2 protein chains.
Amino acid sequence: MQADDLAATNDVIIDHLSSDIELIPEVARHLIVAGGKRLRPLICLAAADICGASGPRPLFLAGAVELIHAATLLHDDVVDDSALRRGLKTANIVFGNKESVLVGDFLFARAFALMVKTGSLDVLDILSRASCTIAEGEVLQLTTEADLDTSRSTYINVVTAKTAALFEAAARAGAMVAGASEEDADALGRYGLNFGIAYQMVDDTLDYEGQADNIGKSAGDDFREGKMTLPVIHAIARARDDEERAFWARTIGEREQTAGDFERAQGLIARDNLIDVCLGEARDYAARAAEALEGLRDTPLKRTLEDLALSSAARQA
Amino acid sequence: MQADDLAATNDVIIDHLSSDIELIPEVARHLIVAGGKRLRPLICLAAADICGASGPRPLFLAGAVELIHAATLLHDDVVDDSALRRGLKTANIVFGNKESVLVGDFLFARAFALMVKTGSLDVLDILSRASCTIAEGEVLQLTTEADLDTSRSTYINVVTAKTAALFEAAARAGAMVAGASEEDADALGRYGLNFGIAYQMVDDTLDYEGQADNIGKSAGDDFREGKMTLPVIHAIARARDDEERAFWARTIGEREQTAGDFERAQGLIARDNLIDVCLGEARDYAARAAEALEGLRDTPLKRTLEDLALSSAARQA
């Protein structure tokens with residue numbers, strides 16, 4: 001991987017937003033050009049590099065992975081009725097829900113057109129399956145919304161499907177385009193999977209800690225939507241009396257919320273140190289991600305991947 | 001193509017609706033199992049057969065094409081806020097908009113996973129590009145809604161992208177999996193393209209003639225949504241006075257509609273025989289579709305394709 005491969009991937013992405021229908025690049029650029037850490041392309045490019053890739057195929061793949069991610073964000077914001085992402089108004093607010101659904105579809109299709117350029121059916125197999133899994137995770141999350149009985153294990157299933165599956169696919173497909181051994185591809189897949197779980201756990205946890213500015217989206221979004229994320233699952237399990245249980249049943253179960261409810265939820269979570277508990281769980285997954293890399297050839301980018309995983313889960317602990 | 005290939009394609013489709021998340025096959029089956037003419041799979045299978053295909057690859061391809069179609073229908077009904085399709089309540093009404101968006105995403109991803117089974121990057125190239133074009137057509141249609149200045153040529157662009165592109169891709173990809181010559185693949189692509197335009201024109205025209213029962217969706221849907229379809233474009237061009245122009249400006253341009261407006265629109269369209277005019281234009285495209293087949297080897301399925309195109313445009317004339 002060259003130092004400027006991430007910049008080159010960015011160029012690939014921008015190139016593939018083009019369309020005669022002007023509204024399409026306008027909506028897409030609002031989301032993609034304005035922000036994003038390009039974490040999934042980075043994982044993909046690093047995996048390819050560790051496995052000895054050369055040529056432009058990893059760039060096409062990395063671009064495609066980011067386009068799939070962008071498509072899911074556009075649709076998620078419609079489904080969640082979100083108003084803020086990466087510190088900006090969401091596309092559904094600026095352009096409309098219809099526009100976000102259709103431009104999401106466009107980006108998803110463009111991602112597959114871009115993958116064809118890698119010339120690898122393996123890549124298309126991995127990413128099409130991962131895309132199925134993402135949609136399954138989103139639907140599962142929808143069915144657990146407001147369901148106070150949602151277990152930690154169901155939460156892990158949601159997170160694995162909706163977030164970690166694409167991290168896993170990015171890493172594994174990156175290895176594949178480099179012609180990696182099955183063993184190395186599995187190791188990188190395991191890295192992606194565990195890092196993805198850690199990453200989403202941190203995100204869900206900080207939604208109960210941060211200000212809007214901290215995480216670039218509206219803090220309390222998950223609470224407002226009745227999402228059964230890890231801090232809430234723990235908090236409900238540790239409710240001390242009927243009044244507390246009634247609070248969660250009303251705010252999350254019935255989504256009947258009034259001023260001060262989010263602050264009370266934050267207070268209950270803070271009382272039992274649940275931010276630390278959740279970030280600790282995330283660190284366990286991050287550690288597994290780092291361990292998965294052990295058998296791979298030692299390169300600067302391997303250490304980058306290690307650091308990425310470990311630092312993400314440490315970011316507020 | 002065997003007599004039971006369409007049934008076998010149906011089995012492939014049903015198989016690929018499966019998911020551990022029960023809501024997914026439930027939503028998908030509501031749309032797919034309940035109805036649909038399987039026109040695109042038929043075109044695909046017939047094209048493959050005319051070009052001498054054998055084996056299961058055309059079935060995978062035909063199934064994938066129908067899944068893409070189903071995904072677009074789920075999203076279209078959300079975007080158009082439709083309540084009725086194929087004589088049944090739409091999935092967005094029965095299950096919700098969020099569910100329709102996410103299950104549409106799932107079906108789209110599953111379609112690409114199924115295409116991988118054909119082992120043909122050409123197929124994935126054709127269908128991923130067609131899927132981009134479909135999304136572009138939907139966005140273009142959205143931008144022309146309520147825009148009284150929309151020209152016939154823009155309308156043709158919308159129809160070509162949102163409908164005919166998938167007909168074309170189904171026919172062309174069917175030829176490709178059969179190892180057809182470029183000439184034959186082009187001919188079948190031309191068939192699909194022209195048939196698709198004719199097919200959508202007929203559909204748009206009958207929305208101003210039929211009852212809900214006739215076409216299995218709510219008659220007048222396009223009118224209510226302010227869609228600039230062919231009958232309206234012609235009617236606006238032939239408005240006889242300012243009062244008529246004001247009628248169209250209010251009902252389509254402003255989407256301010258009251259009881260009796262749809263009947264008045266139907267009356268204006270009938271007065272100038274615009275149903276016949278539009279169906280006549282559709283017949284021209286259908287004739288071009290039939291002509292495209294001329295150089296291909298003469299088989300029963302070639303005649304089936306001819307009949308399909310010619311009869312669809314003749315269905316109410």
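Lettering of chains follows the sequences in order, A, B, ..., and the numbering in each one begins at 1. Fair warning: this is a prediction, and the values are worked out from it, not measured in the lab.
Ion pair D125(A)/R129(A) flagged as a salt bridge, since at least one NZ, NE, NH1 or NH2 atom sits closer than 4.0 Å to an Asp/Glu carboxylate oxygen. Salt-bridge check for E138(B) with K98(A): failed, with every basic side-chain N at 4.0 Å or more from each acidic carboxylate O.
Within the 4.5 Å cutoff, the side chain of Y155(B) has heavy atoms near those of the M201(B) side chain. Here the side chains of L67(B) and L114(B) are in contact, with some heavy-atom distance below 4.5 Å.
Note: A113(A) leads A113(A), G137(A), A130(A) in heavy-atom pairs under 4.5 Å with chain B. Of the listed residues A71(B), A161(B), A135(B), C132(B), the one with more heavy-atom pairs under 4.5 angstrom with chain A than any other is C132(B). Interface summary for chain A: among M115(B), E99(B), K117(B), the most heavy-atom pairs under 4.5 angstrom belong to E99(B).
Of the two parts of L121(A), the backbone and the side chain both hold a non-hydrogen atom closer than 4.5 Å to a non-hydrogen atom of chain B. Proximity to chain B (any heavy atom under 4.5 Å) is shown, for S19(A), by both the backbone and the side chain. Residue L142(B) touches chain A through its side chain alone, counting heavy-atom pairs closer than 4.5 Å. At a 4.5 Å heavy-atom cutoff, the contact between D20(B) and chain A is made by backbone atoms alone.
Applying the salt bridge (Lys or Arg N to Asp or Glu O under 4.0 Å) test between K227(A) and each of D207(A), D204(A), D80(A), D76(A) identifies D80(A) as the sole match.
Residue pairs meeting the salt bridge (Lys or Arg N to Asp or Glu O under 4.0 Å) criterion with at least one member in residues 100-114 of chain B, sequence neighbours excluded, do not occur.
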